[in-house]
Structures are given as C-alpha cells and as structure tokens.
Colleague: 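Following this message is one structure expressed as structure tokens.
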Amino acid sequence: MKKRLDREFFERDVLEVAARLPGKFLVRKYPDGRIEQFMITEVEAYRGEEDMACHASKGRTPRNQIMYERGGLLYIYLIYGIHWMLNIVTGKAGQPQAVLIRGLEGLNGPGRLTRRLDIDRAFLGEDLCRSESIWLTEGVNSFKIITAPRIGIDYAGEYWKNMPWRFFVEKTSG
DNA sequence: GTAAGGATTGGC
DNA sequence: CCAATCCTTACT
C-alpha cells in the first residue's frame, strides 16, 4: 500500500492542499476489517473567515470549531437535513480552512460518497494522520488538474462565488 | 421558546 | 424546474 499522507501535507494552505488532492487515494477500513480505496477526483477549498462561502465566515461556532484546529482532522456536517459532507481541515491551528471532498472515482456527489463509505457524524474530528478507519495515501500524478468556481454558494456574492477553488481531474474517455 | 436557511440530491 | 428533510444558527 502507498505511503500515508502526513501532518506536513495537511498543514499547508488550503489552496495548496486542494490543488494536490485530486489523484490521491482515500482509504476506508470498515469495522469488519474490509478495506476499500478510491481515487479522489474532485474537491473544493474553503478558506478562512474572509471567504464568504466558508462556514467560518461568521466566526467561530460550535458547528465549525473543528475548522480552527490543525490540518489533517475531519470536519463532518449534515446539509439539508439529509447528506453528510466530508471535509478535511487544512492549515495550521487557528486558520479556519477545509477541503470538501466532492467526488471519488466512480462515486460522484459529496452526499452520495459519504453514504457509500458509511461516513457520518461519528467521523467528526477523526485524524487522517492516525486513524485506523480512514486515511489518505499518495496517488497518481498522471492527471491534469482543472480548476473552476465552487458549486452551490450563490449566497456568498459574486466575488467569492467566482473564485476558482474547485479542483478536479481531467475527464478520461475510458 | 420560534423561525429561517442550507458546501445536495433525485424526481418530474 | 423544485421539493425533501432536520440540524445549526439567530433571533425573542
């Protein structure tokens, strides 16, 4: 198995982390010992209190406090009362940043992938650098990374809505 | 205590 | 296009 991504990787600025995530592998080990891994195909960066699309834009709350912790921890939240969102905290402690995992190979949609991987609130605060249930590893570098504006954040205003902070691997014909 | 809104999805 | 569905937050 490939080398697990370490603290140093996640403690960089969210834009650096997000740009490097497509092509990496997300590994999930279930309670029965079964292991699955998927290549990350699409992510979005949410960067600090100034980013009006970021959950930290209104300051620290009980919900987003994990975003202020050090990089490598998981930020999990429920959206529309239905879907669990899988986010990776990035940067040094005190910088509220996170990367939303929007797509895995063969699994499109942030809500659908968490359901498929059986990820919910129980993973809030899980440490990707130490967990025995979920972690990331080095991946493949053969993909071109495309950037585009983030999805579903009309409320954030034109400026933040247009930031090209979505990163995904170029579609392949096969 | 009440009310509004949402980093989505799936169905029409 | 539009509703489902319920937690978080911002009020009173």
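So you know, we letter chains A, B, ... as the sequences are listed, proteins then strands, and number each from 1.
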Colleague: With heavy atoms under 4.0 Å as the rule, sort A:I153 into base, sugar-phosphate or nothing.
Modeller: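 Touches sugar-phosphate only.
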Colleague: Quick check on B:dT8: is either OP1 or OP2 less than 4.0 Å from any side-chain nitrogen or oxygen of A:R115?
Modeller: no
Colleague: Checking base pairs now: Watson-Crick or wobble, both atom distances under 3.5 Å. What partners B:dA4?
Modeller: C:dT8
Colleague: Does OP1 or OP2 of C:dT9 have a side-chain N or O of A:R60 closer than 4.0 Å?
Modeller: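 For C:dT9, neither OP1 nor OP2 has a side-chain N or O of A:R60 closer than 4.0 Å.
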Colleague: A:R102 side chain N/O closer than 4.0 Å to the phosphate oxygens (OP1, OP2) of B:dT8?
Modeller: yes
Colleague: Please work out if A:R166 contacts a base, only the sugar-phosphate, or nothing of the nucleic acid, heavy-atom cut-off 4.0 Å.
Modeller: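 Nothing: the residue A:R166, judged by heavy atoms under 4.0 Å, touches no strand.
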Colleague: Mind checking if A:R150 touches a base, just sugar-phosphate, or nothing, with heavy atoms under 4.0 Å?
Modeller: nothing
Colleague: Any chance CZ of A:R115 has more than 12 other-residue heavy atoms, nucleotides or ligands included, within less than 6.0 Å?
Modeller: no
Colleague: Nearest-Å distance, CD1 (A:I82) to C1' (B:dG10)?
Modeller: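 Taking atom C1' of B:dG10 as the reference, CD1 of A:I82 is at 10 Å.
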Colleague: With a centroid cutoff of 5.5 Å and a plane-angle limit of 30°, would you call A:Y155 stacked on B:dG6?
Modeller: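 No; centroid distance or tilt outside limits.
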Colleague: Considering only NZ, NE, NH1 and NH2 on the basic side and carboxylate oxygens on the acidic side, decide whether A:D6 and A:R130 come within less than 4.0 Å.
Modeller: no
Colleague: With no hydrogens and no angle check, just 3.5 Å: does a side-chain donor-acceptor pair link A:T90 and A:Q97?
Modeller: yes
